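Report on one structure; see the data block that follows.
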Amino acid sequence: MKATGIVRRIDELGRVVIPKEIRRTLRIREGDPLELFTDRDELMLKKYSPIASVERFSEGTAKSLHDQSGYLCAISDTDNILHAAGAGRKGLVGHAVSDELTELMAARRSHVASLAEGGRILPVVREGEGEATAQLIVPIVAGGDCLGAVILLSEETGAVMEPSCVKLARLTADIIASQFD
């Protein structure tokens, strides 16, 4: 754990303000759920990720989607890539999602693009060197909240996401979302 040197007082209602710099760095926004942990005399806050709570399920889902589609598949929450399956997965897992992906998830919109068809490929992670030639991003929405996204990527020249893969990714997002209804 890293010390920040910032000290805050608890008010009469038991509230403490998390400094703007820390919220910005950790991508904590108004309304985001936080999970509380204690260890002896320490209190730790962690941004809550519902998808991370079904880790085994989402990991198996990513592998299954890769096996069925043949594409690199990733499952993210709203902040990080949690699981990936296929060639290139190590460049995704654990990385923070890009601002473009965050905006897409916030708008609850799907995105299908192929360089072969003149589409714009969005960066998936912040500091990635993605060489994707085709991509599909489907938000995972449960109870009106976007929890993350299902992502398919191809690096093959001339690749285009087939309609069957679009349906498969949407089904995957629906199945993950159903775990929270």
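Keep in mind that this is a model prediction, so the values were computed, not measured.
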> Under the side chain to side chain contact (heavy atoms under 4.5 Å, CB included) criterion, do Val16 and Arg9 qualify, and how do the steps go?
Replying inline: CA-CA 6 Å; Val16 63; Arg9 294 198 183 276; over 6 Å; no

> Should Leu152 and Leu72 be marked as a side chain to side chain contact (heavy atoms under 4.5 Å, CB included) after you check the CA-CA gap, both sets of side-chain angles, and the distance that decides it?
Replying inline: CA-CA 6 Å; Leu152 289 178; Leu72 170 59; over 6 Å; no

> Would Thr157 and Thr133 satisfy side chain to side chain contact (heavy atoms under 4.5 Å, CB included), going step by step from the backbone distance to the final call?
Replying inline: CA-CA 6 Å; Thr157 304; Thr133 57; 5.5 Å; no

>> The test is side chain to side chain contact (heavy atoms under 4.5 Å, CB included); show your working for Ile81 and Val124 and say whether it passes.
In response: CA-CA 9 Å; Ile81 303 293; Val124 174; 3.9 Å; yes

>> Please determine whether side chain to side chain donor-acceptor pair (under 3.5 Å) holds for the pair Glu155 and Tyr71, giving the CA-CA distance in whole Å, both sets of side-chain angles, and the decisive distance to 0.1 Å.
In response: CA-CA 9 Å; Glu155 293 182 353; Tyr71 295 120; over 6 Å; no

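Between the side chain of Arg108 and the backbone N or O of Ala106 there is at least one donor-acceptor pair closer than 3.5 Å. Under a 3.5 Å cut-off, the side chain of Ser64 and the backbone N or O of Gly60 do not form any donor-acceptor pair. The backbone N or O of Ser114 lies less than 3.5 Å from no partner atom in the side chain of Arg120, so there is not a single donor-acceptor pair. Using modelled atom types, one side-chain atom of Asp77 and one backbone atom of Asp79 make a donor-acceptor pair closer than 3.5 Å. Of the possible polar contacts, one joining the Ser98 side chain to the Pro123 backbone as a donor-acceptor pair under 3.5 Å is found. In this structure, Asp11 contributes its side chain and Leu13 its backbone to a donor-acceptor pair below 3.5 Å.
Here Leu153 contributes atom CG and Ser69 contributes atom OG; the two are 10.0 Å apart, rounded to the nearest 0.5 Å. Taking CG of Asp174 as the reference point, atom CD1 of Ile140 lies at 9.5 Å (rounded to 0.5 Å). With values rounded to the nearest 0.5 angstrom, Leu45 atom CG is found 10.0 Å from Glu35 atom CD. We find the CD1-CG distance between Ile151 and Leu92 to be 7.5 Å, quoted to the nearest 0.5 Å. In this structure, CD on Glu42 lies 5.5 Å from CE on Met44, to the nearest 0.5 angstrom.
Contact of the His95 side chain with the Asn80 side chain is not registered, since no non-hydrogen atoms from C-beta on lie closer than 4.5 Å. Two residues are said to be in side-chain contact when any heavy atoms from C-beta on lie closer than 4.5 Å; Ile137 and Leu104 meet this criterion. Two residues are said to be in side-chain contact when any heavy atoms from C-beta on lie closer than 4.5 Å; Arg170 and Ser110 meet this criterion. Using a 4.5 Å heavy-atom cutoff, the side chains of Phe57 and Ile176 are in contact. Side-chain contact between Ile175 and Thr61: absent, with no pair of heavy atoms (C-beta onward) separated by less than 4.5 Å.
One finds a salt bridge joining Asp67 and Lys63 here, because a Lys/Arg side-chain nitrogen approaches an Asp/Glu carboxylate oxygen to under 4.0 Å.
Enclosure of atom CD in Glu156 is not indicated, since only 12 or fewer non-hydrogen atoms of other residues, nucleotides or ligands lie within 6.0 angstrom.
Here the options are Leu136, Leu122, Val138, the test is side-chain contact (heavy atoms from CB on, under 4.5 Å), and the partner is His111; only Leu122 passes.
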